[in-house]
Amino acid sequence: MSITKTNNILPASFYLRTDVVQCAKDLLGKTIRTNIEGQITEGIIVETEAYRGPDDRGCHAYNHRMTPRTKTMYLPGGHAYVYICYGMHPMMNVVTSLEGDAHAVLIRAIKPITGHDIMVQRRCMDKMSPTITNGPGKLAIALGIEKSLDACELNDSSPIIILDGGEIQEDNIYCGPRVGMTKHVGDCAHRPWRFYIKDNPWVSKPLVVDYTGKW
DNA sequence: ATAATGATTCGCT
DNA sequence: GCGAATCATTATG
């Protein structure tokens, strides 16, 4: 994997696109950086999932559901949607599309590139290992992302930003069913909206190699 | 006010 | 591979 990182923040136009599935693919290879009280950590996004309210049963905003939690998803693209899962795990999502259109991309795994020591400490590990950020809850902890950052905008003065970088070749993107959709009936459960970089050791789960970028 | 659920993780077998 | 941990969030009364 040769991924280039720039120091350019992704422009608002990246997030304001109306195709959240495409945004999820395009976020692969980008760099997420947090600055939490001066502690800088960065990682390359290697796995994502698309959630598309209102027609997606797997999405919190399915059927236009509006609650105190989900209202963040209705913000315009370029905001963070952070919520707590299983009562303890923070999940980092990027809101996309236009205001009122509840689409978001869950970041499921990153490859650490800056601030390894800080991440190891936050994860209470004694050394770097692939398990440090290979899951949505894990990477959020490693990056210091907490629920209090919910609804914050991803601009140059935000504690969370995403930097542009080289695009991943289509041939190097695999897709498959999203994780945790088993109970959802209908074809929503089978929509291959989980994306990951092929053969990347930092993804959360081994490949479910049924697809190669086609659906 | 109460009960059910979960876009997970970790430890143990 | 399996099950517990643990509580925010939601729906319902």
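Each chain gets a letter, A, B and so on, in the order its sequence line appears, and its residues count up from 1. Note that the coordinates shown come from a computational prediction; the quantities given were computed from them, not determined experimentally. Values below: all heavy atoms of this structure, side chains included; hydrogens, waters and symmetry mates excluded.
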Indicate yes or no: does A/Arg178 engage A/Asp56 in a salt bridge with an N to O separation below 4.0 Å.
yes
Atom-to-atom span, OH of A/Tyr62 to P of B/dG6 - whole angstrom:
15 Å
With both distances under 3.5 Å as the test, what is the Watson-Crick or G-U wobble partner of B/dA7?
none
Might you work through the side-chain contact (heavy atoms from CB on, under 4.5 Å) test for A/Asn155 and A/Ile161, ending with a clear yes or no?
CA-CA 6 Å; A/Asn155 60 29; A/Ile161 61 176; over 6 Å; no
For A/Met91, which contact category applies under a 4.0 Å heavy-atom criterion: base, sugar-phosphate, or nothing?
sugar-phosphate
How close or far is atom C1' of B/dA7 from atom CZ of A/Arg69, stated in whole angstroms?
9 Å
Could you check whether the side chain of A/His60 and the base of B/dA7 have a donor-acceptor pair of N or O atoms closer than 3.5 Å, going by distance alone?
yes
Distance, rounded to the nearest Å, where A/Asn134 contributes CG and B/dT8 contributes P:
12 Å
Distance check needed: C/dT9 P versus A/Asn93 CG, whole Å only.
13 Å
Selected nucleotide, minimal atom distance to A/Tyr83 side chain, candidates C/dA11, B/dA7, C/dA8
B/dA7
For A/Ile84 and C/dT10, give me the distance from atom CD1 to atom C1', rounded to whole Å.
15 Å
With a 4.0 Å cutoff (strictly under), does any side-chain N or O of A/Arg123 reach OP1 or OP2 of B/dT9?
no
Gap between atoms NZ and P, on A/Lys71 and C/dT9 respectively (whole Å)
10 Å
Residues A/Asp150, A/Arg69: salt bridge by 4.0 Å N-O rule:
no
Looking at A/Glu49 and A/Arg108, is any side-chain nitrogen of the basic one under 4.0 Å from a carboxylate oxygen of the acidic one?
yes
In whole Å, I'd like the distance from the CD atom of A/Glu49 to the C1' atom of B/dT8.
12 Å
Side-chain atoms of A/Met88 come closest, of C/dA5, B/dA7, C/dT10, to C/dA5
Looking at A/Asp55 and A/Arg191, does any basic side-chain N land under 4.0 Å from a carboxylate oxygen?
yes
Could you tell me which nucleotide pairs with C/dT6 by Watson-Crick or G-U wobble geometry, both distances under 3.5 Å, or answer none if nothing does?
none
Could you check A/Lys147 against A/Tyr86 and say which one's nearest nucleotide on DNA chain C is further toward the 5' end?
A/Tyr86
Any base atoms under 4.0 Å from A/Arg178, or only sugar-phosphate, or nothing? Heavy atoms, all strands.
nothing
OP1 or OP2 of B/dT8 under 4.0 Å from side-chain N/O of A/Arg108:
yes
Atom-pair distance (NE2 on A/His89; P on B/dT5), nearest Å:
19 Å
